[in-house]
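Reading through the structure tokens given below for one structure.
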There are 2 protein chains.
Amino acid sequence: MTESSARPTRAQQRRRSEERILAEARRIFAELGYDRTTIRAVASAAGVDAGLVMHYFGSKDLLFARAAEVPADELPGGTSEEVAEALLTSLGRRLNDEPTASLAVLRSMLTNADAADRFRAAGEPQLNQLTEAIPTSDANLRASLLSAIVHGVIAERYLLRLTHLADASPEQIIDLLRPCFQSLATPPPTEPAGGQQADDSPTPPASVKPR
Amino acid sequence: MTESSARPTRAQQRRRSEERILAEARRIFAELGYDRTTIRAVASAAGVDAGLVMHYFGSKDLLFARAAEVPADELPGGTSEEVAEALLTSLGRRLNDEPTASLAVLRSMLTNADAADRFRAAGEPQLNQLTEAIPTSDANLRASLLSAIVHGVIAERYLLRLTHLADASPEQIIDLLRPCFQSLATPPPTEPAGGQQADDSPTPPASVKPR
DNA sequence: CCGTTCATTCTACGGCCGTTGACCGGCGCC
DNA sequence: GGCGCCGGTCAACGGCCGTAGAATGAACGG
């Protein structure tokens, strides 16, 4: 017990190496994406040999799977307004502490099928809870749009680092998005509910007259 | 009879081959992204040898540059409401006819620096015009959020093919996003924030030169 | 009709990558 | 204290990729 710092046991040593490899893998996958990340690079960043990475994780795909494990954070249920606010809060959290594992998934999802599946799976519970909370018949489209907004913002802030998005404070972003989220999560304010289908009114809202 | 169909001139032949290569390159780049697209695959899809692709385009990077050339479609100026509506219309167009070249850029932007630059450059004029039309001091953050929403929706619809987004009609998506766009493009409705546009007449001539 | 150009193909090189299997040396159990 | 397990390294293989350059044969200009 007290010797832990003096002489690490073999199991400890192994766990440490695995953790170091995983941490570097997450970092590099998030930075370069799946394809451009090489096992050799991960190994060298972790200070070990590439063979060891193979030995511990089996393959590059499995390494990615382990590195990209991300706990799907669930949304509490409630009214559509509450769920929209919860989604905003969740976004705020992700804008504050930048979870590397989910960035690795995001960075890789466009070029790696496994990452794409992982991305879908990670977003699914949120999507379902959003859908359930939204009282219109097009609830899943609305929920999908909310999800798309969240991911678009995160991607452009952290992966593409568009300056105005990267510089802004999370609070500022959230405050600006709140009306968006409310308008998507709740049916038009004039009318509380009802089987409003996708509107079939033939009149296009061609000219929006600003009062 | 006419020699046009019987025997194509050498220049014609070359132009045809180049076009075929470019078309296949766009398609495959859009489908697989930069890294996973190989010159050999493009060549074989176009029915030519890989060396020919090199000969005509110089390198994989240059081929990508040519395949990813996308005309930046400009937004007309106007009030913030009008510009928001124009952005919606532009989104609708992109949701309708799925321009392969810009999908190639989108698919590759997270793993290829050149594609990322190209993406930034393609979005910049829109971003500027949005920013100019929005009368608040956080205009460029608002404009960036609008841009992020557009790209998030396109990416999840065409690249990740999330079912609810892929199945929805462009009109449906646009109608749901309209309130979002308006709330981002215009300052909070309760307070005009230092007098919005002292002159009630919008910039009289639809000036072709914004500056 | 001949020499040249040029579209196109073929072959090959060098490099990087994922993955493998042999090998080594110290920890840990009996 | 000896021996086996195991963390860890090393060298190598096969494959794919971008790219270069020579070779070929048909179109073209004079």
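Just so it is clear: chains get the letters A, B, ... in the order the sequence lines come, proteins before strands, and each one is counted from 1. Please read all numbers here as calculations on a predicted model, not as lab measurements.
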Kindly say whether A:Val70 contributes a backbone atom to a donor-acceptor pair with the side chain of A:Arg118 at under 3.5 angstrom?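 Pair absent, no side-chain N/O of A:Arg118 close to backbone of A:Val70.
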Output the rounded distance in Å from [atom1] ([X]) to [atom2] ([N]).
X	N	atom1	atom2	value
B:Phe64	D:dC17	CZ	P	18 Å
B:Met54	C:dC13	CE	P	19 Å
A:Arg36	D:dG18	CZ	C1'	13 Å
B:Leu62	D:dG18	CG	P	14 Å
A:Gln12	C:dC27	CD	P	13 Å
A:Phe57	D:dG8	CZ	P	11 Å
A:Lys60	C:dT20	NZ	P	15 Å

In residues 23-31 of chain A, what donor-acceptor pairs under 3.5 Å come from side-chain atoms, sequence neighbours left out?
unit_1: A:Glu24; atom_1: OE1; unit_2: A:Arg27; atom_2: NE; d: 3.0
unit_1: A:Glu24; atom_1: OE1; unit_2: A:Arg27; atom_2: NH2; d: 2.7

Which one, C:dG18, D:dC17, D:dT19, comes nearest to the side chain of B:Ser59?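 Per side-chain heavy atoms of B:Ser59, the pick is D:dT19.
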Are A:Arg14 and A:Tyr56 in a cation-pi contact, defined as NZ or CZ under 6.0 Å from the six-membered ring centre and within 45° of the axis?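 Yes, a cation-pi geometry holds between A:Arg14 and A:Tyr56.
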May I ask you to evaluate whether B:Thr9 reaches the phosphate of D:dA27, defined as a side-chain N or O under 4.0 Å from OP1 or OP2?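 For D:dA27, neither OP1 nor OP2 has a side-chain N or O of B:Thr9 closer than 4.0 Å.
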Contact pattern, 5' to 3', of nucleotides 5-12 of chain C - B, S or - by protein heavy atom under 4.0 Å: BBSBBB-B
A:Glu132: partners by side chain to side chain donor-acceptor pair (under 3.5 Å), with sequence neighbours left out: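 Per chain and number, A:Glu132 pairs via side chain to side chain donor-acceptor pair (under 3.5 Å) with no residue.
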Tell me, please, which residues at least two apart from A:Asp49 pass side chain to side chain donor-acceptor pair (under 3.5 Å).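 Testing A:Asp49 for side chain to side chain donor-acceptor pair (under 3.5 Å), a comparison that skips the adjacent residues, returns none.
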List in numerical order all residues of residues 103-118 of chain A for which some heavy atom is under 4.0 Å away from an atom belonging to DNA chain D.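 Contacting residues: none.
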Give the minimum heavy-atom separation between [X] and [Y], together with the two atoms involved.
X	Y	answer
A:Leu32	B:Thr111	O-CG2, 3.6 Å
B:Lys60	B:Thr37	NZ-O, 2.7 Å
B:Ala185	B:Ala84	CB-CB, 3.7 Å

Pairs involving residues 125-158 of chain A, ordered by first then second residue, that meet ring pair (Phe, Tyr, Trp, His ring centres under 6.0 Å) (sequence neighbours left out):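 Those involving residues 125-158 of chain A are A:Phe119-A:His151.
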